[in-house]
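What you see below is based on every heavy atom in this structure, not just the backbone, and it leaves out hydrogens, waters and symmetry mates.
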Amino acid sequence: SSSSSSSNNHSKNSSSSNWVGPATVFVSHAWQCKIHDVFDTILDYAREQDLQTGVEDSRTAGSSTTKSKSKGTKKSTSPPPTFFWFDLFVNNQHSISTKPFEWFCSTFQDSIAAIGTVLQVMTPWNNPIPITRAWCLWETNCAVQLQAERGVRLVVRLPPGQEEQLLEALTSDVQAITKALVRIQAEKAEAFNPTDRDNIFEAIRSTVGFAAVNAAVKDQLRSWYLDTAAVLAEREAEQEGDTAPLGNLANAMLEFRQLDLAAYFYERVLATQQRTLGEDHANTATTYNNLGLVALEQGQHPAALRYMELALARYRAALGDAAYAADPFVAATLHNLGEVYREQGRYAEAHSHYVQALQIREQVLGDHPQTAMTLQCMGSVHQAQGQPDQALEYLQRSLAIRRHTLGDNHPTTASAYGALGNVYQEQLRLDEALECQLKALHIKSDTLGEDHPGTADTHNNLAVVYQRQEKTDLALQHYAKALAIYRTVLGPDHPSVAITVFNVGLSHKLLGHRAEARQCLQQARELFVSSFDQDHPQVKLCDEYLAEV
């Protein structure tokens, strides 16, 4: 079925040999998509291939020759042309519908393998139609399955023009990217013929599985979202007007732990605000808070405290005492200060700030995701202080709010499951702990991606449960995954690295590997001292275990 196809025009010669040939790209699209979006995506991909192979676009160059960069002379080139297999041009839609499903499992797959690349047209950016159509999923499934077996490439592309829609969405909702990723659920796809849907779903389950199909699409979409947001942020940084769009783009970078970019754009926002609004303005205070969050994620606790204390001072100057005591942005900074103190092991100070934040959030926001966040952190403080019953009370309420407001597939709901699982693990309710951590891992991998520090947190938590179950090999596998992510994304000296190396040391201690245990515990101790100080609770734990090995 790939013997003839539509092609990008690489030559001004209109001979059919330049327009038709063995297909090199299979175009996967939903018929509900606007046809101009599909054509624009095809042409955009063809231009991209031209740039990679050094071929000039015939619509602008008017010639099939290219200039030599060194001599300025012309020489003929013969790069492999891009020929598109596009069903509207080559399929008889009446006869194709009569093919048995077995045909699609054999002849169709062989054709995809022969073509070599599947170009999937995803539109609109925030709820791509192809993910909702079972036959498009089948094409994705074929590409994913044949990727390892026969080297087939899956390429996800969005039509030109979707960038501005992403900017508009992020300007009004910093969670727009996360919400889009949560919505993508291949298992909810439909087909005109219910039998087709049943056959396709069974084939997906028996081959790569829905998780692999979702991951293949979401990984490429996530990259497009973040790459596009970075380009848009750079453009917005050159504007002298409203800083809100740039600030929200920086927020998106922070959410997906693009920390250097987030800090860079927040600094640009702050400079503009200081020049146009002044220091004692609420918007300036918010940017100080956001810079503090970046520092916290980077493990730079003194800098985080400095930024957040500056933020509170600016809020008080801008709002006055009465408004300050009921402002949700003030509550956010109080909560964030609690986070810094909690990571430093200063639990009384952490609890004090969480209480202040919770008072404002319950009064102003009610049962809101931000209220749930503070409840979760208060639960974690009680857990750290050896008060599991109080911890469960806060954590169960936090999870209930998040499930109600955000749904089960949101990454912050996953964090609530993880925190609850940590308490169950300490209470030796290991089956419940494992269930919570596996739920958390599935949601975070699906929405944030495999290489996100939040996903690494869950690998670490899951490893602790496996360790308690005496499944040390599984525990070490998940610790290794967590360490690889932390070191790559956060750096080798981050406190999260220290915590995981400490846990690996405990695993070796339990296995009787004294030398490996001592090495890990000593390394963890050095990292804790570097990040905090000699009096941090984790340093004392390291000393206790080092004395035993």
> Between Glu362 and Thr371, is a side chain to side chain donor-acceptor pair (under 3.5 Å) present by the stated rule, with each step listed?
Replying inline: CA-CA 6 Å; Glu362 287 185 320; Thr371 307; over 6 Å; no
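For Glu187, the side-chain contact (heavy atoms from CB on, under 4.5 Å) criterion is met by Gln185, Phe210, Asn214, not counting sequence neighbours. Tyr394 pairs by the ring pair (Phe, Tyr, Trp, His ring centres under 6.0 Å) definition with His382, not counting sequence neighbours. For Asp173, the salt bridge (charged side-chain N to carboxylate O under 4.0 Å, His left out) partners at least two apart in sequence or on another chain are Lys179. The side-chain hydrogen bond (donor to acceptor under 3.5 Å, both in side chains) test applied to His508 returns His513, not counting sequence neighbours. Take His494 and apply the ring pair (Phe, Tyr, Trp, His ring centres under 6.0 Å) test, not counting sequence neighbours, and it matches no residue. Checked against side-chain contact (heavy atoms from CB on, under 4.5 Å), Asn127 has the following partners two or more places apart in sequence or in another chain: Arg183. In this structure Arg518 satisfies the side-chain contact (heavy atoms from CB on, under 4.5 Å) test together with Leu546, Val549, sequence neighbours excluded. Gln534 is linked by a side-chain hydrogen bond (donor to acceptor under 3.5 Å, both in side chains) to Arg525, counting only residues two or more places apart in sequence or in another chain. When the side-chain hydrogen bond (donor to acceptor under 3.5 Å, both in side chains) test is applied to Ser415, no partner is found at least two apart in sequence or on another chain.
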Could you give the side-chain donor-acceptor pairs of residues 333-342 under 3.5 Å, partners two or more places apart or in another chain?
{"unit_1": "Thr333", "atom_1": "OG1", "unit_2": "Asn289", "atom_2": "OD1", "d": "3.1"}
{"unit_1": "Thr333", "atom_1": "OG1", "unit_2": "Phe329", "atom_2": "O", "d": "3.4"}
{"unit_1": "His335", "atom_1": "ND1", "unit_2": "Thr374", "atom_2": "OG1", "d": "2.9"}
{"unit_1": "Asn336", "atom_1": "ND2", "unit_2": "Asn289", "atom_2": "OD1", "d": "2.9"}
{"unit_1": "Asn336", "atom_1": "ND2", "unit_2": "Ala332", "atom_2": "O", "d": "3.1"}
{"unit_1": "Glu339", "atom_1": "OE1", "unit_2": "Arg342", "atom_2": "NE", "d": "3.1"}
{"unit_1": "Glu339", "atom_1": "OE1", "unit_2": "Arg342", "atom_2": "NH2", "d": "3.0"}
{"unit_1": "Glu339", "atom_1": "OE1", "unit_2": "Tyr354", "atom_2": "OH", "d": "2.4"}
{"unit_1": "Glu339", "atom_1": "OE2", "unit_2": "Arg342", "atom_2": "NH2", "d": "3.4"}
{"unit_1": "Arg342", "atom_1": "NE", "unit_2": "Tyr354", "atom_2": "OH", "d": "3.2"}

Residues 303-313 side chain polar contacts: donor-acceptor under 3.5 Å, at least two apart:
none

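Among pairs with a residue in residues 254-302, those fulfilling ring pair (Phe, Tyr, Trp, His ring centres under 6.0 Å) read His301-Phe532, at least two apart in sequence or across chains.
The closest side-chain heavy-atom distance from Leu358 to Leu375 is below 4.5 Å.
With no hydrogens or angles considered, a side-chain donor-acceptor pair links Tyr315 and Thr286 at under 3.5 Å. Remark: the Gln467 side chain and the Ser507 side chain contain an N/O donor-acceptor pair separated by less than 3.5 Å.
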